[in-house]
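I have placed the structure first, in the form of structure tokens, so that the comments after it can refer back to it.
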Amino acid sequence: MSVIRCDGIVQIYKAQDAEVVALRDVDLTIEAGETVALLGPSGAGKSTLLWLLAGLLRPSAGRLWLDGTDVGRLDQRRLDRLRAAHSGMMLQNPARNLIGYLSAAQNIAFAQRAAGRARRSARRRARELLARVGLADAGDRPAGRMSGGEQQRLALAVAPANAPRLLLADEPTSQLDEESGTRVIELIKDVATAGGTTAVVVTHDTAVSEALSRTVTIRDGRVGAEGRRGEDFVVVGREGAVQVPPEYHHLLPPGSMARIEELDDGIALRRAEP
Ligand SMILES: Nc1ncnc2c1ncn2[C@@H]1O[C@H](COP(=O)(O)OP(=O)(O)OP(=O)(O)O)[C@@H](O)[C@H]1O
Ligand SMILES: [Mg+2]
């Protein structure tokens with residue numbers, strides 16, 4: 001059973017009188033223990049997909065299974081319960097993950113409640129998580145008075161605190177220097193290997209994407225490409241559509257016409273002058 005299965009997911013935001021289609025026909029399956037980097041330009045729909053995987057949003061159309069449970073069939077209370085037990089999420093804005101008047105250690109303790117750990121082992125785990133993100137001496141400081149980078153690191157210590165099946169993080173290294181960034185990457189990888197946790201991380205940071213087992217690139221609300229073990233592939237979509245990656249736009253610009261050439265194991269596209 002897959003940890004995540006998206007089947008033709010569409011997400012539409014209704015803003016005043018306009019509608020924004022943030023995701024269109026997303027098909028994606030993620031297996032237990034995979035670590036996935038979600039890539040793509042600004043506005044592509046990365047955060048929207050992460051919110052869906054966290055159970056914070058319901059798809060406008062299509063079906064989403066989390067751990068084999070069809071999210072569309074759950075009422076709000078059941079969805080809230082699934083979310084609390086299932087996932088640890090770090091939102092794009094670090095401060096929004098934290099309770100500002102609580103100390104760093106209290107923020108982690110708060111997140112651990114759902115896991116029902118014994119108090120002593122919970123405190124040990126909290127200290128360990130703080131050390132892992134380089135905040136060993138900051139346990140007593142109120143989260144609200146930390147710098148942006150410190151808040152980001154603390155948020156990343158909070159997200160795995162309830163030992164989730166699914167760790168979701170939105171741009172976890174955007175405000176970090178290289179050393180802190182490396183720490184955060186190691187933490188994500190260790191949580192995945194040690195705890196059997198699946199991780200999905202939105203990132204623009206190549207150090208992050210190179211460290212994870214798979215990349216999924218979203219462009220214009222669709223899954224356009226995937227990468228595994230350093231090799232990149234384009235994804236043939238539901239209607240047979242293929243997105244030409246930007247690095248080939250000089251050869252085959254958007255809006256141009258191409259000739260299809262049949263090969264033994266596929267096709268080649270060659271630019272044609274109309
Ligand atoms: N609450 C909302 N209401 C209306 N439109 C929204 C809302 N949230 C996102 N959008 C729109 O949906 C699209 C996808 O947004 P999303 O935040 O998922 O992109 P993203 O890939 O995370 O971008 P970034 O890299 O800038 O964070 C964008 O066009 C955005 O303007
Ligand atoms: Mg985003």
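First listed ligand is number 1; within each ligand, the first listed atom is number 1. Keep in mind that this is a model prediction, so the values were computed, not measured.
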Backbone or side chain, does any N or O of Ser42 fall under 3.5 Å from an N or O of ligand 1? yes
Considering all heavy atoms, the nearest Val133-Arg183 contact: C-CD, 4.0 Å
Considering non-hydrogen atoms of the protein only, which is the closest contact for atom 4 (C) of ligand 1, and what is the distance? Tyr13 CB, 3.4 Å
About how large, to 10 degrees, is the angle OE1 of Gln92, then the Mg ion (ligand 2), then OG of Ser47? 80°
A student comparing Gly45, Ala15, Ala22, Gly221 should find that the heavy atom closest to atom 19 (O) of ligand 1 comes from Gly45
Which residue and non-hydrogen atom of the protein lie closest to atom 14 (C) of ligand 1, and at what distance in Å? Gly43 O, 3.4 Å
Could you tell me which atoms of ligand 1, counted from 1 in the order shown, lie closer than 4.0 angstrom to a heavy atom of Val20? 11 (C), 12 (O), 29 (O)
Hey, is CG on Asp75 packed in by over 12 heavy atoms from elsewhere, all under 6.0 Å? yes
Which atom names give the shortest non-hydrogen contact between Ala95 and Gln151, and what distance separates them? CB-OE1, 3.7 Å
Atom CZ of residue position Phe233 - does it have more than 12 heavy atoms of other residues, nucleotides or ligands inside 6.0 Å? yes
Can you find a protein heavy atom under 4.0 Å from atom 25 (O) of ligand 1? yes
Can you check whether Thr206's main-chain N or O pairs, donor with acceptor, with Ser209's side chain at less than 3.5 Å? yes
Considering Ser174, Ala44, Ser47 one by one, which has a heavy atom nearer to atom 17 (O) of ligand 1 than any of the others? Ser47
Please give me the minimum heavy-atom distance between Thr35 and Ala192, naming the atom from each residue. CG2-CB, 3.5 Å
Mind listing the closest non-hydrogen atom pair of Leu52 and Leu57 along with its distance? CD2-O, 3.6 Å
In terms of residue, atom name and distance, what is the protein heavy atom nearest to atom 15 (O) of ligand 1? Thr48 OG1, 3.9 Å
Under 3.5 Å, is there a donor-acceptor pair linking the side chains of Tyr13 and Ser60? no
Min heavy-atom dist His204 to ligand 1 below 4.0 Å: yes
Could any protein non-hydrogen atom be found less than 4.0 Å from atom 30 (C) of ligand 1? no
Which protein non-hydrogen atom lies closest to atom 27 (O) of ligand 1, naming both residue and atom, and how far is it? Gln92 NE2, 2.9 Å
